[in-house]
Amino acid sequence: MGGEAQNYAVSFRLAAHLACVDTPPGVRYALKFTLHDELQQTGPDDLLMAEDKLPTRAQDFSEWYNQLVLKAQLADYAPVRGCMIVRPYGWALWENMQQALDRRFKATGHQNVAFPLLIPRSFIDKEKHHVEGFSPELAVVTIGGGEELAEPLVIRPTSETIIGHMWSKWIQSYRDLPVLMNQWNSVVRWELRTKLFLRTLEFYWQEGHTAHATREEAEAETIQMLNAYADFAITDAAIPVIPGKKSDAEKFAGADVTYSIEAMMGDGKALQAGTSHFLGQNFSQAFEVKYLDQNGQLQHCWTTSWGLSTRVVGAIIMVHGDDQGLVMPPKLAPYQVVIVPIFKTDEEKKTVFETARKLKAELAKADVRVTLDEREGQSPGWKFNDWEMRGVPLRVELGPKDVAKQSAILARRDRPGKEGKVSASLADLPTTIQKLLLEIQQSLHDKALAFRKSNTHDAKNYDELKKAVENGFAYSFWCGSAECEAKIKEETRATMRCIPLEQDGASGKCVYCTQPAKSKAIFARAY
RNA sequence: CGGGACGUAGCGCAGCCUGGUAGCGCGCACGCUUGGGGUGCGUGAGGUCGCGAGUUCAAAUCUCGCCGUCCCGACCA
């Protein structure tokens, strides 16, 4: 049975109760206070009334996240530990992300492919670092068709090996290069500690794989795709990110250099939102991916790989979400606009729906992703809250008074309460809405960037670093030594997130050992 | 893998200590009411009490074992 669901609800109950106490007074919280007062009089059972409220982020960020994913119907726990089921609303968001990314991949000459789920165990063993990195988290198939397999198969944790194997057959000449491929799939890594979207045993992603004739070209590809991810995060997901280089301790097993984009979540923790690896010749040597160059010399290819996963769904939740629930960036939102009809009598219902359906068609025609909430039995107020929780960027409230005036109320999700509401005429609603959506997109990004800035500190010494990573990023000089990095991690639980590619060129003293340091790095506690 | 919590209706819980006909709320279905910020009332459907042994006339309840989930840590491109 759903034991997984029980515990969060236990704490949620408490959380809901505490939320009643902690929430500052205001119009929209009046109900909560009323409930709380009743609770005091009538006993704990009436807490049930508050059960569909979220905990606040300040009170329990982790619980807020867990609840929200389930309540907004983005995903649910699968019957297998650590696995998730992505529900239609969550998958619709992922599909929009896929499209936004796929566009960029195609524009830079990549083609989509599909490699198999099962990989011979021996393939993993061929690249030394890769084995070390992945062995503990492999799922292995040993029986097929009721028979013990001669060679165990692993469920792909990533596809470098099998792709390398095939490339060795396909690539012979410099004329065959570059090879620019990408695949959308899922991979399995046996993680010990899981959280919906952020770390699950199986997760959905894309993995790009490319092979090049020269180191320079492969390095340029690595950076190009890192930039594509950054552009996607900033312009489509409205998430400001820091592109940078990983330390040896944090890089991908098998890569020469790993780059990532790092984002700050609403609790000040860091999340690696995409990675791009320069693999050097590690895999081409292990799998003998070779080509004959213009001079008739046999050369090993230079390869790259890069990936971005459904983890970014988690980032969108944790960056933009507020105490009312999700806030979807308009460019990726499954629904950009929801129309909530308001009526009393059957006659009103008829005219309101007529106008609402017409409006929906017009918006759809203007390429706005719109839904009309035709559910029976729920009051408009209930629907307002429901769609706010689900993060729809813009709500259109349409009632008899509006139809009479040929106008509608627009409510912005990013500006809660009455301030976010304006009246707009029906005639030019599509234009007004398109403009508003762009505004919301921009304001989400700006707000997230302002938040990151205010929680990032140029920590000049170790004490300042310790303080900074309590609830944000420390941006500090680092000498580059693994020892300093390890000590910092051990003593503060903060890891070296990345060395930002953009540096101001100054040099200083390592935040830990005070030895000369040439570049600054981001340190933070991370998901 | 260590520490903690838990598993009873779709969901959240009570019942267990002290064994004796399985309960409450939400949700769901139906009806009325209400509807511009989480309406109110009534009626109704819904459960192998995680699984397996044991003790007992009798087990949701006591004993043992197993399985599973969540949280904290360790671990984690």
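To find a chain, count down the sequence lines: A is the first, B the second, and so on, and within it residues start at 1. Scope of the values below: all heavy atoms of this structure, side chains included, with no hydrogens, waters or symmetry mates.
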How would you label the contact of A:K251 with the nucleic acid (heavy atoms, under 4.0 Å): base, sugar-phosphate, or nothing? sugar-phosphate

Could you check whether the side chain of A:R395 and the base of B:G37 have a donor-acceptor pair of N or O atoms closer than 3.5 Å, going by distance alone? yes

For A:N66 and B:C11, what is the distance between atoms CG and C1' respectively, to the nearest whole Å? 16 Å

Check whether the ring centres of A:Y65 and A:F197 lie less than 6.0 Å apart, and answer yes or no. no

A:R395 to A:F384, cation-pi by 6.0 Å centre distance and 45° axis angle: yes

Protein-nucleotide distance (A:E63, atom CD; B:G12, atom P), rounded to Å: 12 Å

Out of B:G38, B:G36, B:A74, which nucleotide sits closest to the side chain of A:P380? B:G36

Distance-only donor-acceptor test, A:K421 side-chain atoms vs B:G37 base atoms, 3.5 Å: yes

What is the nucleic acid contact for A:P136, judged by heavy atoms within less than 4.0 Å: base, sugar-phosphate only, or nothing? nothing

Reckon A:K401 touches a base, only the sugar-phosphate, or nothing at all at heavy-atom distances under 4.0 Å? base

Does the B:G35 base have a donor-acceptor partner in the side chain of A:Q378 within less than 3.5 Å? no

Is it true that A:K246 and A:E262 make a salt bridge, defined as a side-chain N closer than 4.0 Å to a carboxylate O? yes

Assign A:W190 to base, sugar-phosphate, or nothing according to its heavy-atom contacts below 4.0 angstrom with the strands shown. nothing

By nearest atom, which of the nucleotides B:G73, B:U39, B:G36 is closest to the A:S379 side chain? B:U39

Picking from B:G37, B:G35, B:C76, which would you name as closest to the side chain of A:K489? B:C76

Select one nucleotide: of B:C71, B:G36, B:G37, the one nearest the side-chain heavy atoms of A:K195. B:C71

Does one side chain, of A:E485 or A:S247, offer a donor that lies under 3.5 Å from an acceptor on the other? yes

Side chain of A:T194 only, heavy atoms from C-beta on: which candidate in B:C70, B:C76, B:G36 is closest? B:C70

Which nucleotide in B:U39, B:G36, B:G37 has an atom nearest any side-chain atom of A:P400: B:G36

Salt-bridged, A:K466 to A:E491, with N to O below 4.0 Å? no

For A:F384 and for A:R199, locate the closest nucleotide of RNA chain B by heavy-atom distance; then report the residue assigned to the nucleotide nearer the 5' terminus. A:F384

